[in-house]
Amino acid sequence: QVQLVESGGGLVQAGGSLRLSCAASRSIETSNVMGWYRQAPGKQRELVASMDSNGRTNYADSLKGRFTISRDNAKNSLYLQMNSLKPDDTAVYYCTADAHITGSVLFGLWGQGTQVTVSF
């Protein structure tokens, strides 16, 4: 079992940057896919980015170029660098391990989330 704890969220002005961190309680090397999801007010959770154990990445089309996912197995950590933030990026961001959503049911391992708020 792995526990995931997100940090790094906060309030930032539009155009600014934030770096989210996800600390795992133990090695994440055995996790096939690590990722970030987010849920904005009034919207469904959506995939932001993911990275598998081979370093292959996947990004939401609308976010590619602004967000970058990275993984440090030695530190049991996952990161999300967010640049050129927009107010629409305001959401709770979740770190995940081998996660997917089917019919609103969450599978895999999820952290508790960290709030990101982007102001004018």
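Members clustered with F120: none, using a 4.5 Å side-chain heavy-atom cutoff among hydrophobic residues.
For T90 (side chain) and V118 (main-chain N/O), a donor-acceptor pair under 3.5 Å exists by modelled atom type. A donor-acceptor pair under 3.5 Å is formed between the side chain of D98 and the backbone N or O of V33. The backbone N or O of I69 lies less than 3.5 Å from a partner atom in the side chain of Y59, making a donor-acceptor pair. Between the D52 side chain and the N54 main chain, a donor and an acceptor come within less than 3.5 Å of each other. Listed for the S84 side chain is no donor-acceptor partner under 3.5 Å among the backbone atoms of R66. At least one donor-acceptor pair under 3.5 Å links the side chain of S77 to the backbone N or O of K75. Within the 3.5 Å criterion, the main-chain N or O of G113 finds a donor-acceptor partner in the side chain of E6.
With ring centers used as reference points, F67 lies 6.0 Å or more from W36.
Minimum heavy-atom separation, S119 to P87: O-CG, 4.2 Å. Taking every heavy atom of both residues into account, L85 and L18 meet most closely at CD1-N, 3.9 Å.
At least one cation-pi condition fails for R38 and Y94: the charged atom is not both under 6.0 angstrom from the six-membered ring centre and inside a 45 degree cone around its axis.
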Applying side-chain hydrogen bond (donor to acceptor under 3.5 Å, both in side chains), run through R71 and N73 and close with a yes or a no. CA-CA 6 Å; R71 184 172 179 171; N73 290 338; 3.2 Å; yes
So R45 and I101, side-chain contact (heavy atoms from CB on, under 4.5 Å) or not? Walk me through it. CA-CA 9 Å; R45 294 192 188 197; I101 303 173; 3.8 Å; yes
Taking it one step at a time, do S17 and N83 satisfy side-chain hydrogen bond (donor to acceptor under 3.5 Å, both in side chains)? CA-CA 4 Å; S17 299; N83 298 324; 2.9 Å; yes
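V12 and Y79 fall into different hydrophobic clusters, defined by Ile, Leu, Val, Met, Phe, Trp and Tyr side-chain heavy atoms under 4.5 Å apart, directly or through other members. When hydrophobic clusters are built by joining Ile, Leu, Val, Met, Phe, Trp and Tyr residues whose side-chain heavy atoms come closer than 4.5 Å, directly or via intermediates, L47 is grouped together with V92. Y37 and V48 sit in two unconnected hydrophobic clusters of ILVMFWY residues. Membership requires side-chain heavy atoms under 4.5 Å apart, directly or through other members.
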